Amino acid sequence: MRIFIIVLVLIFSLQSWTRADDVRDFEIEGMSIGDSLLKHYSKNVLDNIEKYYYPNSKKIVGLYSQVFNKNLINYDAIQFSVTPDNYQIEAIAGLNYEFKNKKKECYQEMEKIFDEIKLLFPNSKTVKEKESSHEADESGKSVGKIYRIDLNNGVIRVTCTDWAKKMSHADSLKISIHTTKHIDWINNEAY
């Protein structure tokens, strides 16, 4: 009987440890990895949004639309990477554009947000990358930082990007969630 109780305690303890590092436990605007966008938007609306395909694979598509940016509470914009047949969310990102030409302030806010998220996932590995040039800008004048929380089945990233004036992108603070499947697909198949 004593061994049975010890085994039960160990089982429940291990479950809470693994759940603590589950990427699905983190939400952006009430949506999380693994959800279907069909729970939030009609199929007709989603089917009529322009899909952004990657050069070597159509398994996952990007969705960016003003439709998603209405009635947001914490972000100025939201983006998704989804499985196209069922609109299952593989990655989600919330963006704030209030840091135009305010790199220092963006980095300060990034630190605060990262520290708050780390508290939710105390058993996770964290990485704080140094400022570097953005690979999308060949001039090297666009810079940013990426902070990362590695979880069992994905990653949460907090990113500040300060784009060069010649780039047509808006400076932003971005919080994104990615499944391991999405990261593997980006790294090995999408490009």
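Just so we're clear, the structure is a prediction, and the values are computed from it rather than from any experiment.
Applying the side chain to side chain contact (heavy atoms under 4.5 Å, CB included) test to Thr126 and every residue at least two apart in sequence or in another chain returns Phe114, Lys118, Ser124, Ile149. Residues satisfying the ring-ring contact (aromatic ring centres under 6.0 Å, His included) criterion with His169, sequence neighbours excluded, are Trp163. In this structure Glu189 satisfies the side chain to side chain contact (heavy atoms under 4.5 Å, CB included) test together with Ser57, Lys59, Trp185, sequence neighbours excluded. Evaluation of the side chain to side chain donor-acceptor pair (under 3.5 Å) rule for Lys128 yields Glu111 as partners, not counting sequence neighbours.
To the nearest 0.5 Å, atom CZ of residue Phe80 and atom OG of residue Ser176 are 12.5 Å apart. To the nearest 0.5 angstrom, Ile177 atom CD1 is 4.0 Å from Ile28 atom CD1. Interatomic distance, Tyr191 OH to Ile186 CD1, rounded to the nearest 0.5 Å: 5.0 Å. Note that the CD atom of Glu98 and the OG atom of Ser172 stand 11.0 Å from one another [nearest 0.5 Å]. Here the OH atom belonging to Tyr147 is positioned 8.5 Å from the OH atom belonging to Tyr107, to the nearest 0.5 angstrom. Between the CG atom of Leu38 and the CD atom of Gln88 there is a distance of 11.0 Å, given to the nearest 0.5 Å.
The side-chain contact (heavy atoms from CB on, under 4.5 Å) test with Arg24 singles out one residue from Asp35, Ile89, Ile33, and that residue is Ile33. Only one option out of Ile92, Ile49, Val82 pairs with Leu37 in a side-chain contact (heavy atoms from CB on, under 4.5 Å); it is Val82.
Residue pairs meeting the salt bridge (charged side-chain N to carboxylate O under 4.0 Å, His left out) criterion with at least one partner in residues 154-168, sequence neighbours excluded, are Asp137-Lys166.
Remark: side-chain polar atoms of Ser42 are paired, donor with acceptor, to backbone N or O of Val45 under 3.5 angstrom. With Asn153 contributing its side chain and Asp22 its backbone, the two residues share no donor-acceptor pair below 3.5 Å. Side chain of Glu105 to main chain of Phe99: no donor-acceptor pair is present (N/O by atom type, distance under 3.5 Å, no hydrogens or angles). When atom types are taken as modelled, the side chain of Gln79 and the backbone of Gly62 share no donor-acceptor pair closer than 3.5 angstrom.
Taking every heavy atom of both residues into account, Asn152 and Thr180 meet most closely at O-OG1, 4.1 Å.
Other residues sharing a hydrophobic cluster with Ile146 under the 4.5 Å side-chain heavy-atom criterion for ILVMFWY residues do not exist; the residue is a singleton.
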Quick one: do Glu109 and Asn96 satisfy side-chain contact (heavy atoms from CB on, under 4.5 Å)? Show the steps, please. CA-CA 11 Å; Glu109 187 66 19; Asn96 286 328; over 6 Å; no
Just do the side-chain hydrogen bond (donor to acceptor under 3.5 Å, both in side chains) check on Glu90 and Thr179 with the steps written out, would you? CA-CA 6 Å; Glu90 298 295 336; Thr179 61; 3.0 Å; yes
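Judged by a 6.0 Å distance limit and a 45° cone about the ring axis, Lys43 is not positioned over the six-membered ring of Tyr87.
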